[in-house]
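Any value given below was found using the heavy atoms of this structure, including those in side chains, with hydrogens, waters and symmetry copies removed. Predicted model, so just to flag it, every value in this text is computed and none were measured. Along the sequence shown, residues are numbered consecutively beginning with 1.
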Amino acid sequence: MDTDVDRDAGATGLPAVVTAAHRRAESVGFGYSREPLTGRLLATLSAAVRPGGRVLELGTGAGVGLAWIEYGLGGRSDVQVISVEFDEALAAAVRRSGLPPGFDVRVGDAEKLLAGLGTFDLIFADAPAGKWTGLHLTIAALAAAGVLLVDDMDPGRYTEPDHRDTVDRIRRTLTEHHGLVTTELSVGSGLIVAVAR
Ligand SMILES: C[S@@+](CC[C@H](N)C(=O)[O-])C[C@H]1O[C@@H](n2cnc3c(N)ncnc32)[C@H](O)[C@@H]1O
């Protein structure tokens, strides 16, 4: 039977929980929420998380990524989901809207918190910390067979040479890492999916 979390239609063509998160983003003036293609892949990967597994998002924003994870989990409460956000006001807005069982938004610098969070079956690295800097900490937080999703990896999106170099460094770190099996997807903002061997 469909629940509110499962509902995937409506005027926007988005799951209801995602539409609600986009409304929240608008109401707090947050303009960096993830696009539907990344969100759908995040939902799909969330649906594959093992029973009793753990999911980590770096950079909560207004909670759009969390909403896609919630949609992907389809009401499961056996999975622990942690999202880390630097901005206290954003974290508070997401918490105020009500988090599903097993979901937790923590305030802090992702790079500083990463080492103490344990390992995860799925990580969405969507903050500067743990992606542009400290990527090794994120990789170290992958459980065996854990999946890492990174977006904004299309170098064509960047005009500054420094930014292009940084993207190139991230791509090479992930594609050349012996402990990872990695695929680059030239869609949307440029996605990379890596799985820990
Ligand atoms: C692209 S947005 C996240 C969007 C969100 N994941 C989504 O799916 O809609 C990046 C977020 O990272 C947060 N951020 C920036 N620096 C951070 C840090 N050092 N630690 C944790 N979060 C950080 C920003 O405040 C911002 O909310």
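- Between the CD atom of Gln80 and the CG atom of Leu117 there is a distance of 9.0 Å, given to the nearest 0.5 Å.
- With sequence neighbours left out, the side-chain hydrogen bond (donor to acceptor under 3.5 Å, both in side chains) criterion links Thr60 to Ser83.
- Thr173 places a side-chain N or O within donor-acceptor distance of the main-chain N or O of Arg169, the cut-off being under 3.5 Å.
- When the side-chain hydrogen bond (donor to acceptor under 3.5 Å, both in side chains) test is applied to Glu184, the partners found at least two apart in sequence or on another chain are Arg171.
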Using residues 23-31 as the side-chain source, report each donor-acceptor pair under 3.5 Å to any protein atom, sequence neighbours left out, with the distance given to one decimal.
unit_1	atom_1	unit_2	atom_2	d
Arg24	NE	Ala62	O	2.7
Arg24	NH1	Ser97	OG	3.0
Arg24	NH2	Ala62	O	3.0
Ser27	OG	Arg24	O	2.9

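- You'll find the side chain of Val193 reaches within 4.5 Å of the side chain of Leu149, heavy atoms only.
- If you chain together hydrophobic residues whose side chains sit under 4.5 Å apart, Leu142 and Leu122 never meet in one group.
- Shown here are the side-chain hydrogen bond (donor to acceptor under 3.5 Å, both in side chains) partners of Asp104, two or more places apart in sequence or in another chain: Arg106.
- Listed by first and then second residue, the ring-ring contact (aromatic ring centres under 6.0 Å, His included) pairs that reach into residues 136-189 come to none, sequence neighbours excluded.
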Exercise for review: Apply side chain to side chain contact (heavy atoms under 4.5 Å, CB included) to the pair Val94 and Leu90, showing each step before the final yes or no.
Suggested key: CA-CA 6 Å; Val94 175; Leu90 281 174; 5.6 Å; no
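- Taking CZ of Arg34 as the reference point, atom CG of Asp126 lies at 4.0 Å (rounded to 0.5 Å).
- For Arg157, the side-chain hydrogen bond (donor to acceptor under 3.5 Å, both in side chains) partners at least two apart in sequence or on another chain are Asp152.
- The two residues Asp109 and Ala129 come nearest to each other via the heavy atoms OD1-CB, 3.6 Å.
- Salt-bridge annotation for Asp168 and Arg164: absent, with no side-chain N of the basic residue lying under 4.0 Å from a carboxylate O of the acidic one.
- Leu174 pairs by the side-chain contact (heavy atoms from CB on, under 4.5 Å) definition with Leu135, Ile139, Leu148, Val150, Ile170, Leu180, Thr182, Ile192, not counting sequence neighbours.
- The stretch residues 41-51 participates, sequence neighbours left out, in these side chain to side chain donor-acceptor pair (under 3.5 Å) pairs: Arg50-Asp121.
- Atom CD of Glu70 sits about 5.5 Å away from atom CZ of Phe103, to the nearest 0.5 Å.
- A donor-acceptor pair is defined here as one N or O able to donate and one able to accept, closer than 3.5 Å; such a pair exists between the side chain of Lys131 and the backbone of Asp151.
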Exercise for review: Report the C-alpha separation of Thr133 and Glu111 in whole Å, then their side-chain angles, then the decisive distance to 0.1 Å, and conclude whether the side chain to side chain contact (heavy atoms under 4.5 Å, CB included) test is met.
Suggested key: CA-CA 8 Å; Thr133 60; Glu111 207 171 325; 2.6 Å; yes
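- In the hydrophobic cluster analysis, where Ile, Leu, Val, Met, Phe, Trp and Tyr join through side-chain heavy atoms closer than 4.5 angstrom, Phe120 is grouped apart from Val195.
- Taking both residues in full, the closest heavy atoms of Gly63 and Ala21 are given as O-CB, 3.7 Å, listed atom of the first, atom of the second, then distance.
- Heavy-atom minimum distance, Ser33 versus His22: CB-CE1, 4.1 Å.
- Here the rule is side-chain contact (heavy atoms from CB on, under 4.5 Å) with Val81, and of Ile69, Leu99, Val49, Leu56 only Ile69 fits it.
- Here Ile123 contributes atom CD1 and Leu114 contributes atom CG; the two are 7.0 Å apart, rounded to the nearest 0.5 Å.
- With hydrophobic clusters built from ILVMFWY side chains whose heavy atoms lie under 4.5 angstrom apart, Val147 shares a cluster with Leu66.
- Grouped with Val181 in a hydrophobic cluster is no other residue, since no side-chain heavy-atom contact under 4.5 Å to another Ile, Leu, Val, Met, Phe, Trp or Tyr is found.
- Taking all atoms of both residues into account, the shortest heavy-atom contact from Ala43 to Tyr71 is CB-CD2, 3.8 Å.
- Taking CZ of Phe124 as the start and OG1 of Thr38 as the end, the distance is 6.0 Å to the nearest 0.5 Å.
- Val55 and Ile82 fall into different hydrophobic clusters, where Ile, Leu, Val, Met, Phe, Trp and Tyr side chains are chained together by heavy-atom contacts under 4.5 Å.
- Partners of Ala20 by side-chain contact (heavy atoms from CB on, under 4.5 Å), not counting sequence neighbours: none found.
- No more than 12 heavy atoms of other residues, nucleotides or ligands sit less than 6.0 Å from atom CZ of Phe86.
- Contact detail for Ala141 and Gly118: the closest heavy-atom pair is CB-O, 3.8 Å.
- For Arg76, the side-chain contact (heavy atoms from CB on, under 4.5 Å) partners at least two apart in sequence or on another chain are Leu73, Asp78, Val79.
- Atom CZ of Arg40 sits about 9.5 Å away from atom CG of Leu37, to the nearest 0.5 Å.
- In terms of hydrophobic clustering, with Ile, Leu, Val, Met, Phe, Trp and Tyr side chains grouped at heavy-atom distances under 4.5 Å, Leu191 and Leu58 are assigned to different clusters.
- Residues satisfying the side-chain contact (heavy atoms from CB on, under 4.5 Å) test with Val107, not counting sequence neighbours, are Glu88, Ala91, Arg95.
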